Structures are given as structure tokens and as C-alpha cells.
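Data block below; observations after.
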Amino acid sequence: MTAALRAFRSTSAGPVALAVLTLLAVVAVVAPILWGDMATALNPATAVLGPSAEHWLGTDRLGRDVLVRTLVATRTSLGLGLLAAAVAALAGLLLGGLVAVLSRRAREVGLRVLDAVLAFPAILVAIIVTLILPEGTASAAVAVGVAGTPAVARIVVTLATAVLARDFVAAAWGLGVGRPRILVRYVLPNIADSLAVSLSVVAGAALVVVSSLSFLGVGVQPPAFDWGGMLSQGVMDMYVTPLAALAPAVMIALAGLAFGLAGEAMARVANPSVWTARRAARHPAPAAGTRTESDALLDVKGLTVTAGAGPEAPAIVSGVDLRVGRGDIVGLVGESGSGKSMTMLAVARLLPYPVESLADALTLDGHDLRAGPGERIRRLLGTRLALVFQNPAACLNPSLRLETQLTEVPRTHQGMNRAQARELALAGLRQVRVPEPERRLRQYPHELSGGQRQRATIAMALAGRAGLLLADEPTTALDNTLRRAVLNLFREANAASGTAIVLVSHDLSVVRGLCDRVVVMYAGRVVEEGPTREVIARPLHPYTQALVGSTLTMTTPLDRPLPALDGQPPRPGERQEGCAFVPRCARAEDRCAKERPPLRAHPGARRTACWAVEA
Amino acid sequence: MNGLRLRGVTIRYGAGPRVVSDVDLDLPDGAAVGVVGESGSGKSTLARSVVGMVPLAAGEITRDGRRLRAPGLRRVPDPGVQLVFQDPHGSLNPRMTVAATLTEAARQSGSPERPSLERVGLADGLLRRYPHELSGGQLQRVAIARALAAKPKLLILDEVTSALDVSVQALILNLLRDLRADLGIGYLVIAHDLPVVRYLCDKVAVMHRGECVEQGPCADVLRAPSHPHTRALLDALNEESP
């Protein structure tokens, strides 16, 4: 619970919402006790006065203090708003949950019924229900709750349907978990965060609608009063004492806003994966870059990537050097969490917040990339650097036709007109052997198969005639035949226009087929590098040896277990001063745990960081 | 025959073209059969139809002679067949701890005890963790432990290693071989990666555009493929590893 409260307060909206809601709660409890009598006492002698020392916000038509009445009305207004929201939330959850777990056909019918009810204005429903219900203060709130139910139910159905399609629900169903239990244990917890936001909006809206009902004269009836009723009366004297209307109006707005903010903070709390998220201040950008001398196309020296800023931030990548010459094809290999993707994102200046990077040198074609995301750097990255990611569906915008996306780079960065860019895109698609390129250009990404999408992103990457292509697991999502086609494309682009390629992969067989040189990373550091063939044929570092050994091929012996690496690589922040591979290494000595082995040169243009390997 | 038997299995979405067309496949108890093919060949859809996630348009699936799936047959879960999914992150409820997930699975199978993590090579210290705090390989082992809680006769492994690192892949493959040797359960292995099928299975079926174009013992099919598509799959593999 304390963790949840801490998480609530750690959000940007949390503290404000907490402060305003606490204040409102205190006022709601205390004000009627302190000033209850004063708020209802009639005094015709002081009717319709402006602000004075005695009445800070003036008085209303019957001579009652506006400030006192506004404060005293907090209890009724908030109470009714919350009651209405609770009715809407509860009934909406029940109704929505019921519709969500129905069979597919029944669900369709339920949804259309909900949609039909939703088409009817909620406030009219509220008024009708108020008139049906017995007269009383709570009736208005219940009526508003009933009117809000279909909207909540509709949201619940939409959110729940998405969760019901996930694998873990299928797994539970396969084990025999019943529908009601699936709803309570699997669906509700996973929609709780989105629902919290929706419900807070509903609570805010309920407050306003209850107030509107009072304003219209069908809500709270005198002598009881709420902000809506006060607003209704205050409006009549708007030109004499505007504060009589403004004060309750401000309170309605304030309470609505606080509900909204609280919902946003609650959404964060409902999601346990963000509890551990660390907040960090933005790191100052390094000095603006200028052209420096370097014959390499990409030159990275001493790259460090940290999760957050400051010396305490855990390092994801430490001291990585990477040099890629024009026309080189380099493989960057390592397991998940080894820092290979982060190294690539640091080069592309695409690190997600709050991840930060520092480097002794980071140049592309002689230009320093460490300067902030200015126009110059943006243009440089846009024209010289191209990216291909693992998931082609995620890097194509699903709502834009392929033509728009494939012509963007040539049009923005190369100043081409539409026809020229279109010709280039067509040529690109032909080059990657996408069938019927003219038709594809008019299509949206979902109309293409996975392999076609990946080839389209490669066409997009190659369309800009970039000097350097960074490809992060470009073939992992593809099957063998498509994988071969994609690797062939890379080879052709490299041979035809000298495009240099950095291929990030966990799969040595992909690297073996394409790269001249391979760099092996472990726990954020380079542990071995050298010509691909030699490294795979005769790996020096124990980690590379394990990696090569556990790669399955068609000749792997079937009569014994695969050589596998047990244990986990250390997480960022858990890394010790010695070699990070020690806990999983069969050849570790005392020295390895204490002293980190540097990258040392070995014959045949190879380097490795291991004390057990003779220099 | 005791075991799973697929006869003339045909699957289509709505009025669309057939995704799976007239597939026959036999999985005697304890056998490990691989289904290979490119993306879109229908192999995953076939697997999902066995556990009732996808309805059949024609044909039938029986287990131990009992009709399990057929057009119009009410879809009920069969604890004897469990599916392990490709994406370990999506196959566990993110709001349930490992302990809660396993307890739930045990409860459903009427077993009083939670399945042990040790069986799948994990430490009990992970029980209180949430899925987002585990690595892909750990999650996949939890998913396997959950499937085993139902004491299944057959595990359907749908690309279970393709989202994992090579070193972790080896661990999972070793675990799966050990489990089969110890528990005598059968596998239906869906994979695009031929070495994985070769490593785990006795028999292999090759799918192409929804049809099963070739099947037989792994050793025979992979050494001397008779269908051109099987040959293409093997060639793609050989070209990659010169």
C-alpha cells in the first residue's frame, strides 16, 4: 500500500491531485460543522452585497454569505458527484464485463444495443430518470449514475476485448479457468489503468451533470443546496454580484480537474511495471559538434550509456569503441541486455528518455553527433544514416499509405518533388523485389505480408542513399527463406553503392552469412572482436565460445545435451569491478573477479578481453 | 490409436480462402512431431485449432478416439493438451506474480500443490516476481511449468524458442528434451527453424500454403526431401552457414 502511495505521489499529476483532493475532503467534512447554520441563515438586510471585510465574496439574494455557502456546499456536491460516479462505475463494469465475456455473436448484439443507448443524450436520460425516481437529493446522483452507465460499459467492453485476445487469456482458458474468473483475475487488472483514467473523467463529468441538473431545477431541491443550485441562483444576479455565480463555478471546475489528475496518477499505480521506473533529470548536452578529422565513416570511442543521468546512474553500455569504415559490414552480437541495441540507438541519437549517453568521440562521416538534436544533426542523420528494426509493423505508420512513407526522406532531405521521389520509391521496391510495386505504393502497411513489410522498410532505408545502414535484428521475425532474401538485399546494397552496414543480432548464423567483422558484447562491454570467420571458427573469449557452441545447426549431435550457458548476465547496476562474465565462466580465476580484463590485441587483427587468453 | 489424430483439418476465416487445407496428422502418445513451414503457411493456425482457439471449417481432431474439435462442436478446453506460446511476455498475466500464475494452474487441475519451479530449472526466489521482472528465457520456463501443471499428455510448442537468445534457446531445448524423457509427454513442435525440429522431434510435417506437402521421420525427410518446397527450406539453411 505504501508502495502504491509512493508511486501515486511520484507521478507529475499525483501531488497536485492529492493536495487538491485532500483540501476538498477537509472542507467537505469541516465546513458544514463550522458554518452549517450560517450558510442557511436568512438576512434580507444584507441581500446582494458586493465583497466586503465581513463577506469576502459578498452575499446572495437572501443575504447569505457566498463564501460560506460555497464551502458548505462542498459536501453535498462532492458526495453526489462521487455517488453518481460510483453508480456509473459499478453498473458499467457489471454490464460491460457481462457483454465482454459473451460469445462473439451475443457480444456483437450487446455492443449494438449499447451504441444505440449511447446515441441518446446522457443529460436527457438523467432528467427522465430523476423524474421517475422518488424525490430526494440522492435521486439526482443515482439518475446521473444510470445515465453514465452505458458510456462506462462501452469503455469496459472495448478495453476488455483487447485483453481477451491476448495469449495469457488463451492459456488460462486452455487450463480450464472459467469466464467469470478470467474476467476478474485476468481482464480487470489489465484494464485497471486505462479504466482509472476513464472513471476519473466520468467522476468529473458526473459532478458537472449533477450540478447541471440542480441548475435546471430538477436536481438538489431547496433548502438543500449544491454548487449547481448556487450557480443557477447566482446567474440571476450576474451583473450585480458576479462572485455569487463565479465562486461555485470555480469550485466545480477545480473538483473536476482534481478528479482528472487523480485518475491519471491512479493509472500509473494500477500498473506494477512502472512502480520501479526511475526518474532522472536530463543530462546537459555536450558541446556543439563541428567537423573533425577521421577517416572512418562511423567512429565511436568510449561510448557509455546510462539509465538516467549522474554518476550514480547504472551503466547499460560502458566504454565501447566501434569503428566502421566505408563499405564495411560489421556484426554486433550479444544476448538481450548486452547493450548492443542501446549502442546502435546511441549512434542514431534515438535513446529513449531517461537513457543518456556520453562518448569521447562519436562521429559520422567526420561530423560530431554529440551536439544536441539541432537541425544540422537531424539533417545529417536523415541523409547519411538509415535504420531497419526487427519489427517491420512497428516502424511503418499504419495510417499512412506506403507512398507517403517511402517518399518522405527524399522529399524532406533531398529536396525532390513528388514525382521524382515516387520514381525513387518504385525503384527501391523493385530492388527489394516486392511484387507489383505500383499497387503496393497505394496500399497501407496492414495490406502487406510481414516479409513484404520488412522489405519495404529496407527499401525505405536504402531510398535515402545513406552511407551507413544500422539494422537491429532485421531478420529475427522472418523465416529462413525470407531471411536469406533480406541478407541478399544487404549484400547487394553494399556491393552496388558501398553502403556500410552494422548488423545487430543475437544470432551468429545471420552474422556469419553477411559480416566481414564481428564485435561481441557482454554486459555492456566489448569482449571480443575480429574477422567473422576466424572468430566463429576459433572463438577466444569463453562467452563467444559458449555462444558458438550453443548455436543449433543441422549437424548438431542429437545424443547429448546442447552446450548451454546457465545463469543470467548481470543487470545494469549489478555489475562488479571485475569481469562481468565471472559467475558463468568455467575458466574464471581469482584475478577475474577483482580486475577487469582490458581488450588486448591478438594475432590476425583480433582483440579480446579475457585474462585466461594469452596475449 | 491412443493420441491425437487430425483428419482432413480445414480452417478458413469467415468466407476467406483456406488457411489450412485438408491436413492429416497422427501424434501417438509420447511422440514428438514437428510442423515446419514459412510464415503464413498455416502451421500456427493448425496448432491453435487443436486447443480450440480457432474453429474448424471441415475435418475433425480426436484424442484417444474421442472427438475433440469438429465444425459446430462446442469448444471446450482439454487439459490434456496445453499450448506454449511464442512470445513469453504476452503469455503470462502481467498483473499476477509467478506464484499466483502457477497456483491458479494447479487449482484448475485439482492439484493441491503448486508446481515447482525447480522442475523447469528456476529458483524459488522468482515466485514473488511479476512477469516484467523476468527475462524472456525465465518467462518461457514459467509458461512451461504452468502448462505442465495440467498434467498434459501433449504440449504444443508454438515457436517457443524463436524469441529467445541463442544461449537461452539451448537451455530451453535441453529442458524440453529432459521433460519428455522424464514425463513421457508428447510434443507438437511448430517452428520455422529446421534445426530446432530436428533436435526435438522424431517426425516432421512440412506445410506450404496451408497444405501438408510432406511428412515422415525426421531423419528421412531432412536427408532426402521428396517435395521441392522442403528442398527449398533446406537450401535456404545451407546457404546461410557456408
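Letters A, B, ... are given to chains in the order of the sequence lines, protein chains preceding strands, and every chain is numbered from 1. If you're wondering where the values come from, they're calculated on a predicted model, not measured in any experiment.
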Atom pair [atom1] ([X]) and [atom2] ([Y]), whose distance is rounded to the nearest 0.5 Å:
{"X": "B/Arg95", "Y": "A/Ile191", "atom1": "CZ", "atom2": "CD1", "answer": "10.0 Å"}
{"X": "A/Ile182", "Y": "B/Asn93", "atom1": "CD1", "atom2": "CG", "answer": "10.5 Å"}
{"X": "A/Met554", "Y": "B/Leu222", "atom1": "CE", "atom2": "CG", "answer": "4.5 Å"}
{"X": "B/Ser135", "Y": "A/Glu335", "atom1": "OG", "atom2": "CD", "answer": "9.0 Å"}
{"X": "B/Arg107", "Y": "A/Arg181", "atom1": "CZ", "atom2": "CZ", "answer": "3.5 Å"}
{"X": "B/Asn174", "Y": "A/Arg560", "atom1": "CG", "atom2": "CZ", "answer": "12.0 Å"}

task = Considering only NZ, NE, NH1 and NH2 on the basic side and carboxylate oxygens on the acidic side, decide whether B/Asp87 and A/Arg166 come within less than 4.0 Å.
result = no
ask   = A/Ala171 versus chain B, heavy atoms under 4.5 Å apart: side chain, backbone, both or neither?
value = both
task = Go through the atoms of A/Thr555 and report whether side chain, backbone, both or neither lie under 4.5 Å from a heavy atom of chain B.
result =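 The answer is the backbone of A/Thr555.
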task = Given side-chain contact (heavy atoms from CB on, under 4.5 Å), test A/Asp507 with B/Gln169 step by step and report yes or no.
result = CA-CA 11 Å; A/Asp507 192 350; B/Gln169 259 180 35; over 6 Å; no
ask   = Can you check whether A/Asn190 reaches B/Pro94 side chain to side chain, under 4.5 Å on heavy atoms?
value = yes
Heavy-atom side-chain contact between B/Val166 and A/Leu508 under 4.5 Å =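 Counting from C-beta outward, B/Val166 and A/Leu508 never come under 4.5 Å.
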Return yes if some donor-acceptor pair links the side-chain N/O of [X] with the main-chain N/O of [Y] below 3.5 Å, else return no.
{"X": "B/Asp165", "Y": "A/His506", "answer": "no"}
{"X": "B/Arg146", "Y": "A/Leu175", "answer": "no"}
{"X": "B/Tyr199", "Y": "A/Thr556", "answer": "no"}

Side chain / backbone / both / neither for [X] at chain A, heavy atoms under 4.5 Å:
{"X": "B/Leu83", "answer": "neither"}
{"X": "B/Gln82", "answer": "side chain"}
{"X": "B/Val51", "answer": "backbone"}

